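Heads up, the thing below is written out as structure tokens.
On a predicted model such as this, the values are computed, not experimentally measured, just so you know. In each ligand, atom 1 is the first atom listed, and ligand 1 is the first ligand listed.
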Amino acid sequence: MNKTYYLIFLLFFAASYSSPGIADPVHVYEDFVGCFKNKTNISDKDLTDVVLSHTSVSYTPVLRAYIRNARFNTSSTPKPSVIVLPRVDSQVQAAVVCTKTLNLQLKIRSGGHDYDGLSYVAAVTFIVLDLSNFRNITVDMNEDGGSAWVQTGATLGELFYRIWEKSDVHAFPAGICPTVGVGGHVSGGGYGHMIRKFGLTVDYVVDATIVDAKGRVLDRKAMGEDLFWAIRGGGAGSFGVVLAFKVKLVEVPKTVTVFRVDRSSDQNALDMVHKWQFVAPRTDPGLFIRVLLASPTKNKTQTVNAKVRALYLGKANDVVSMMAKEFPELGLKIEDCKEMTWIQSLLWWMNHKDVEKVKTGCFTRKGTGLG
Ligand SMILES: Cc1cc2nc3c(=O)[nH]c(=O)nc-3n(C[C@H](O)[C@H](O)[C@H](O)COP(=O)(O)OP(=O)(O)OC[C@H]3O[C@@H](n4cnc5c(N)ncnc54)[C@H](O)[C@@H]3O)c2cc1C
């Protein structure tokens, strides 16, 4: 590199880190590692897998693996000075204490589905705590109608799958997108296609473990009811790092029914959508009817297409006769319906090609082909 280029490089490098609030990542990494080693006694060999500097070969693949919004996957998107990939609770505790000591911001990431990239982008110097190694799920069918401890780095799909392995008549009422992370979803409230029957996801959280701002590991009893209330809907990142939630399972029938009905303006879509507004919130709580509207232009005239997608926690004949009475504008026929198990219905919602083949891969990031 000749002298002029070297000077330009130095000026550019200095300018990059002279903006207010952004520190040089090399120094941040060194300071952070010093503190982290002190708190955890981690070996140098393990350290390279757990604390990643921006020069580590794993840094970019790990960062990108859970960026779910392409708007935040650009060269100008602010990047963390350090990524921490904890494997045990004490490493989460050290990450919290060290970021606080060094006056840095900690971004906690579970499934990375935050719409604004809040789990991996910040305008100040920050560290990402990536919980993708925290994905153990223990399902216990003997306790109180079924329960599960799920670590927050697991996805909803992994939780659904582990429940199904133990029982095909138990489920968990949460969002239907399987790649959404348990950490952000549950702590933000959570709703899905069984909301009418069972309510919000947080209504089924019975215990949790959290690392608070002082670096203490607390369960429900130790954290107290106020904090336990706050992390169930208040966005847990404001209060600490949730390590795991304990959730109650719900019972679902062995056979459920799904159906699709598509109507255009010529096929009475407007009357159907109008009536849907009155039927969908009041019908049998086991029936969830979603409508997606599109407005294509046909022969220079704007039209309306309505796509109905529904889940009924029961048999096809029953939902067809119920709709004939309550919602004739839908024109539901038995041929529109498919009976299947609850776990298969999740694959159907995801437009999976073969709902018969329920396997782990269908519920992970790669298997779904979803963001
Ligand atoms: C494709 C898609 C489908 C969706 N479908 C639904 C749906 O059906 N129903 C529904 O209710 N919502 C749905 N959502 C919204 C989703 O539930 C929220 O965006 C949720 O916060 C994502 O959680 P996450 O762990 O994947 O995201 P992250 O980006 O990892 O985290 C989201 C927020 O939670 C914080 N956080 C994450 N883990 C922890 C933790 N362990 N402790 C403390 N704080 C933590 C993060 O710091 C961040 O602020 C969907 C979102 C997308 C993108």
Quick check on [X] - does any of its heavy atoms sit under 4.0 Å from an atom of ligand 1?
| X | result |
| --- | --- |
| Arg68 | no |
| Gly240 | yes |
| Gly112 | yes |

Got a donor-acceptor contact below 3.5 angstrom from the [X] side chain to the [Y] backbone?
| X | Y | value |
| --- | --- | --- |
| Tyr59 | Pro80 | yes |
| Lys315 | Thr257 | no |
| Ser167 | Trp164 | no |
| Thr283 | Val279 | no |
| Arg196 | Asp284 | yes |

Can you tell me which residue and heavy atom of the protein come closest to [atom], and the distance to 0.1 Å?
| atom | value |
| --- | --- |
| atom 32 (C) of ligand 1 | Asp114 OD2, 3.6 Å |
| atom 38 (N) of ligand 1 | Ser110 CB, 3.3 Å |
| atom 35 (C) of ligand 1 | Ile108 O, 4.0 Å |
| atom 29 (O) of ligand 1 | Ser119 OG, 2.6 Å |
| atom 34 (O) of ligand 1 | Gly184 CA, 3.5 Å |
| atom 41 (N) of ligand 1 | Val242 O, 2.9 Å |

Task: Asp130 vs Arg109, salt bridge (charged side-chain N to carboxylate O under 4.0 Å, His left out): CA-CA, chis, key distance, verdict - done: CA-CA 5 Å; Asp130 183 299; Arg109 186 166 73 172; 2.8 Å; yes

Checking the N or O distance criterion of under 3.5 Å, is ligand 1 in contact with [X]?
| X | answer |
| --- | --- |
| Gly175 | no |
| Leu131 | no |
| Val182 | no |
| Val180 | no |
| Cys177 | no |
| Gly190 | no |
| His113 | yes |
| His185 | yes |
| Gly111 | yes |

Open item on the list: What verdict does the side-chain hydrogen bond (donor to acceptor under 3.5 Å, both in side chains) test give for Gln302 and Ser295, after you've listed the backbone C-alpha separation in whole Å, the side-chain angles of each residue and the deciding distance to 0.1 Å?
Closed with: CA-CA 6 Å; Gln302 205 170 16; Ser295 170; 2.9 Å; yes

Open item on the list: Could you check whether Lys248 pairs with Asp203 (Lys NZ or Arg NE/NH1/NH2 to Asp/Glu carboxylate O, under 4.0 Å)?
Closed with: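 No, no charged N to carboxylate O under 4.0 Å.
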
Open item on the list: For Lys197, I'd like to know if atom NZ has over 12 heavy atoms of other residues, nucleotides or ligands within 6.0 Å.
Closed with: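 Not more than 12 within 6.0 Å, no.
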
Open item on the list: Assess, by modelled atom type and distance only, whether the side chains of Ser56 and Ser53 contain a donor and an acceptor separated by less than 3.5 Å.
Closed with: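 Note: Ser56 and Ser53 side chains miss the donor-acceptor criterion.
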
Task: Sole residue of Val182, Asn136, Leu156 in side chain to side chain contact (heavy atoms under 4.5 Å, CB included) with Val150 - done: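 Passing option: Val182.
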
TODO: Output, in order, the C-alpha distance, side-chain angles, deciding distance and verdict of side-chain hydrogen bond (donor to acceptor under 3.5 Å, both in side chains) for Gln93 and Ser90.
DONE: CA-CA 5 Å; Gln93 293 174 275; Ser90 58; 5.2 Å; no

Enumerated ligand 1 atoms positioned under 4.0 Å from heavy atoms of [X]:
| X | result |
| --- | --- |
| Ile176 | 8 (O) |
| Arg109 | 30 (O) |
| Gly181 | 23 (O), 24 (P), 25 (O), 26 (O) |
| Gly237 | 43 (C), 44 (N) |
| Val241 | 42 (N) |

TODO: Answer yes or no: is there a side-chain heavy-atom contact under 4.5 Å between Lys254 and Val169?
DONE: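 The answer is yes, as the side chains (C-beta and beyond) meet within the 4.5 Å cut-off.
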
Task: Region of Thr152 engaging ligand 1 - heavy atom pairs below 4.0 Å - done: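 Under 4.0 Å from ligand 1, Thr152 contributes side-chain atoms alone.
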
TODO: Would you indicate which of Tyr66, Tyr191, Trp349 comes nearest to atom 9 (N) of ligand 1 when only heavy atoms are counted?
DONE: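 Result: the heavy atom closest to atom 9 (N) of ligand 1 is in Tyr191.
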
Task: Heavy-atom nearest neighbour of atom 50 (C) of ligand 1 within options Phe245, Phe239, Tyr120, Tyr115 - done: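 Going through Phe245, Phe239, Tyr120, Tyr115 one by one, Tyr115 has the nearest heavy atom to atom 50 (C) of ligand 1.
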
Open item on the list: Students often mix this up, so state it plainly: with edges at 30° and 60°, are the rings of Trp342 and Phe160 parallel, tilted or perpendicular?
Closed with: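 Geometry flag for Phe160 against Trp342: perpendicular rings.
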
Open item on the list: Please tell me if atom 6 (C) of ligand 1 is touched by the protein, where touching means a protein heavy-atom distance below 4.0 Å.
Closed with: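 No; the ligand atom in question lacks any protein heavy-atom contact below 4.0 Å.
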
Open item on the list: Tell me whether atom 15 (C) of ligand 1 lies less than 4.0 Å from at least one protein heavy-atom position.
Closed with: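 So far as the 4.0 Å threshold goes, atom 15 (C) of ligand 1 is in reach of a protein heavy atom.
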
Open item on the list: Quick one, Val308 with Phe259, criterion side chain to side chain contact (heavy atoms under 4.5 Å, CB included). Give me CA distance, side-chain angles, the key distance, then yes/no.
Closed with: CA-CA 8 Å; Val308 174; Phe259 61 83; 4.1 Å; yes

Open item on the list: Please determine whether salt bridge (charged side-chain N to carboxylate O under 4.0 Å, His left out) holds for the pair Asp262 and Arg309, giving the CA-CA distance in whole Å, both sets of side-chain angles, and the decisive distance to 0.1 Å.
Closed with: CA-CA 9 Å; Asp262 293 348; Arg309 304 287 179 267; 3.0 Å; yes

